[in-house]
Amino acid sequence: MTAPTTFLHLTDLHVSASADPGLVSDTTATLETVIEMVGAIEPRPAFAVLSGDLTNRGDEESYRMLRGMLAGI
């Protein structure tokens, strides 16, 4: 019997590289906490699926920041 494949699904991250009055919470800090939690998962997920609104405004700077934050997953 083979081990089940585990994966990570993150959705609607809404991160923003700069102050964004449209956000009611600190989405970047929340994602940092989630990434720490993911690092503790055993066995490590085989892959990650990210869906929904990954950034709040869709700007290039926020996508670059997000790519850096997710590099370890």
Side-chain angles (χ1 to χ4, degrees):
M1 178 182 238
T2 59
T5 300
T6 59
F7 67 95
L8 174 68
H9 180 213
L10 301 176
T11 189
D12 292 303
L13 304 177
H14 287 272
V15 297
S16 184
S18 58
D20 189 337
L23 295 172
V24 295
S25 66
D26 188 345
T27 56
T28 300
T30 300
L31 180 57
E32 288 171 346
T33 300
V34 168
I35 290 169
E36 285 181 31
M37 294 168 69
V38 168
I41 294 174
E42 289 295 335
R44 289 188 52 96
F47 62 93
V49 175
L50 283 75
S51 63
D53 297 320
L54 302 180
T55 69
N56 202 47
R57 294 189 176 191
D59 60 292
E60 189 174 332
E61 183 181 1
S62 293
Y63 277 109
R64 269 196 301 271
M65 182 185 80
L66 178 60
R67 181 177 55 209
M69 292 177 74
L70 296 173
I73 291 182

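Contacts of E60 classified as side-chain hydrogen bond (donor to acceptor under 3.5 Å, both in side chains), with partners at least two apart in sequence or in another chain: R64.
Atoms NE2 and CG, from H14 and L54 in turn, are 9.0 Å apart once rounded to the nearest 0.5 Å. Expressed to the nearest 0.5 Å, how far CD1 of I73 lies from CD1 of I41 amounts to 9.0 Å. Note that CG of L13 is 7.0 Å distant from CG of L70, once rounded to the nearest 0.5 Å. Atoms OG and CD, from S16 and E61 in turn, are 8.0 Å apart once rounded to the nearest 0.5 Å. With rounding to the nearest 0.5 Å, the separation of CG in L23 from CG in N56 is 4.0 Å.
Screening residues 27-38 for side-chain hydrogen bond (donor to acceptor under 3.5 Å, both in side chains) gives no qualifying pairs among residues at least two apart or on separate chains. Listed by first then second residue, pairs satisfying salt bridge (charged side-chain N to carboxylate O under 4.0 Å, His left out) with a partner in residues 3-27 read D20-R57, not counting sequence neighbours.
Side chain of T11 to backbone of S51: a donor-acceptor contact under 3.5 angstrom is found.
More than 12 heavy atoms of other residues, nucleotides or ligands shown are found within 6.0 angstrom of CZ on F47.
Of all the heavy atoms in L31 and M69, the pair that sits closest is CD2-CE, 3.7 Å. Shown here for S62 and A17, the closest heavy-atom pair between the two residues is OG-N, 2.9 Å.
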